[in-house]
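Report on the following structure.
First listed ligand is number 1; within each ligand, the first listed atom is number 1.
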Amino acid sequence: MLNRVHAHLNCGIETSSAYHVHETKRTVGDWESAYSKATAALAKLSSSDKINIVTGVGWQGGKCVGNTAAVSSINYPSLCLQDGPLGVRYVDGVTALPAGIQAAATWDTALMNQRGAALGEEAKALGIHVQLGPVAGPLGKIPQGGRNWEGFSPDPYLTGIAMQQTITGMQGAGVQACAKHFIGNEQEHNRETMSSNIDDRTMHELYLWPFADAVQAKVASFMCSYNKVNSTFACENDKLLNGILKGELGFQGYVMSDWNAQHTTAGSANSGMDMTMPGSDFNKGNVLWGPALTSAISSNQVSQSRVDDMVKRILAAWYLLGQDSGYPTASFDSWNIGTHDVQGTHKTVARAIARDGIVLLKNTNNALPLKKPASLAIIGSDAIQNPNGINSCADRQCNTGTLAMGWGSGTAEFPYLVAPLDAIKTQASADGTTLSTSTTDSTTAGASAASAAATAIVFITADSGEGYITVETNAGDRNNLDPWHSGNDLVKAVAAVNANTIVVIHSVGPIILESIIALDNVKAVVWAGLPGQESGNGLVDVLYGSTAPSGKLPFTIAKTVADYGTSVVSGDDNFSEGLYIDYRHFDKNSISPRFEFGFGLSYTNFTYSALSITSSATSGPASSTSAGDLFDIVATVTATITNSGSVTGAEVAQLYVTLPSSAPSSPPKQLRGFAKLSLAAGSSGTAKFELRRKDLSYWNGASWVVPSGEFGITVGASSRDGRLTGTLTV
Ligand code: NOJ
């Protein structure tokens, strides 16, 4: 096989990549010309046209989950806003892609981009103008947080790159992306009443970071979140929306409310919210804009120029994406799910992400890959489709049958779902393997199916979702980090009778593995994430070794829940852990995780050599707080990665930065680059990391500052497996 080097890093700059052949190359327009069109259109609008553009038609008032009224004088359509981040919600015949967390686990920017393009192409084909994703909030500071899987990773750098790639893919296909939920919506519990009290440095260096990448990627829209931020509702928060988002980040698109996250007429308008969704509450009453906004203008509580600004922002986004010409009209009805096949060839990217996001955690004596086992036992309800039907639970509000996405608004209907057992059956019949199965979570039935088999694979799960639904007593957020359905007991029962037990985990995030990970008979453990419709196919690719596993953990797996130092709170959350979430917390407090952030095994080995660091960085504050110069590349690091094993594999090389001692107290190391290289056995490639000014900066309360002194640079295979170290002096 050819030595395919594809190093992808910040700013989406890559060396070469075979994966890029099918990438959507179209780029969106520029804000400046979009604004000149919007300004011209604004002049043709009546006062009521303007109110209609900024006010949703009300809950279930149109076919999409959010709709505004058409304005014929400028050929402006009834805008269609639709969930969600892993596929189009409420339509049959769309691709149910792997969840964001699975895309993050690939660490493959090309796949992230292709996933975005698939989302965008399907949304456009259905006439959706605005697709409600991707998600950078929750960032995932709380491992139990119900919606973490909709987003990417508790590391802001990894999430930022994923945001940028997803948005570029989506908008390249023609749909407006929506960066959500802005900001601090880290848990489902009390999300509509609690305040996330976040200090300025933590806000900038963690929670705002990936949203800044979204703005840089020209995202068309933002969604302000349900919670309060520093005591003021996010959608009524002048400092947040006018100050930080539109001022400091220079965001030129529009801010819509999360559904019913608006609380006042004039307050939201004057604080920088630009569109109210869905336009009424869920009882179809309480319309805060519409006629109420007209009155607020008449009584000078809201200026006409503020409303004109809202309209210009919304129209500019529409022009930015070229939706003013030849855009399809919404051809589906959310409230009456029908079939519209818009999948194209997207199952290919779905399978690639299902496969390449799989993280191999343990593999004693090369138990994996499987080599035509004579007999194989498949154990657990997660191995099969939901017996009641793959879409039988609305918004996936059950954990029955194989788990391939969480629950809530961030779901899609499965067009089909290849469960693990479906794909394993095909492989087993080709191999002449005798299968025995126990497809419940019964320990006795599982042990009996496993006792005579050469190898047993046990499937376990942990699910979560949005808080308007409670599943098995979990009200959105997880009650704990244990596997569901007594998964530990199932593994123990099987391992007690089978010396070659393999565990496959489908989960929304970390689970605590302490009672099973060290069992002698548990030979291999695989985190298979939330893989979407191609679940079984992607899994078989890895279990049988047609592809070596190449995913790495986008979060830390701790030994105990308490080790994370964060959990779901009642009342307000003071974010007292500051910058220290996930691996930043473990590193600072010298806590040994079970599996560290960035960890993942392969079927081959990689060696690292030849670290080279060049820098033109200068110390001091960025010349302005506007996005521009913060994204300039100021240092380049390269390293040689060699596949020293015997099969083709891909390695995710990771770069961590340690700030100099002149900086205020900071996390011991922070991810600031990664590169995924696919390498044939014996071959080498160059991982190239391009560091932006922002990647070497901290937030001093007024600006981003590059501290002077010696930066530690570590390049390695995980956050705790540094292979090469060097310094960069500024
Ligand atoms: C509320 C969710 O928080 C948001 O993510 C979603 O887009 C809207 N509902 C619309 O369904």
Task: N-O pairing of Asp573 and Lys228 below 4.0 Å - done: no

Task: Atom indices of ligand 1, in the order listed, that fall short of 4.0 Å to a heavy atom of Glu466 - done: 1 (C), 2 (C), 3 (O)

Task: Contacting atoms of ligand 1, where contact means under 4.0 angstrom from a heavy atom of Lys180 - done: 4 (C), 5 (O), 6 (C), 7 (O)

Open item on the list: Give the atom numbers and elements of ligand 1 that come within less than 4.0 Å of a heavy atom of Leu132.
Closed with: 7 (O)

Task: Donor + acceptor pair across side chains of Asn388, Thr400 (<3.5 Å) - done: no

Open item on the list: Can you tell me if Arg147 contacts ligand 1 (heavy atom of the residue under 4.0 Å from the ligand)?
Closed with: yes

TODO: Answer with yes or no whether the side chains of Ser409 and Glu466 bring together a donor and an acceptor at under 3.5 Å.
DONE: yes

Open item on the list: For Tyr327 and His129, I'd like to know if the aromatic rings sit close, meaning centre-to-centre distance below 6.0 Å.
Closed with: yes

Task: Heavy-atom nearest neighbour in the protein, as seen from atom 7 (O) of ligand 1, with distance rounded to 0.1 Å - done: Asp83 OD1, 2.5 Å

Open item on the list: As a check for students: among Val65, Asp258, Asp395, identify the option with a heavy atom nearest to atom 8 (C) of ligand 1.
Closed with: Asp258

Open item on the list: Out of all atoms in ligand 1, which are within 4.0 Å of some heavy atom of Ser409? Include the element for each.
Closed with: 2 (C), 4 (C), 5 (O), 6 (C), 11 (O)

TODO: Could you check atom 5 (O) of ligand 1 against the protein and tell me its nearest heavy-atom contact, residue, atom and distance included?
DONE: His181 NE2, 2.6 Å

Open item on the list: Taking 4.0 angstrom as the limit and counting only heavy atoms of Arg89, give me the atoms of ligand 1 inside it, by number and element.
Closed with: 11 (O)

TODO: For ligand 1, note which part of Gln82 has a heavy atom under 4.0 Å away: side chain, backbone, both or neither.
DONE: neither

- [ ] May I ask you to check whether over 12 heavy atoms, not counting those of Lys50, lie within 6.0 Å of atom NZ?
- [x] yes

Open item on the list: Does either side chain, that of Asp395 or that of Tyr468, offer a donor lying less than 3.5 Å from an acceptor on the other one?
Closed with: yes

TODO: Check each of Gln385, Arg396, Gln533 against Ile390 using the side chain to side chain contact (heavy atoms under 4.5 Å, CB included) test, and report the only one that passes.
DONE: Gln385

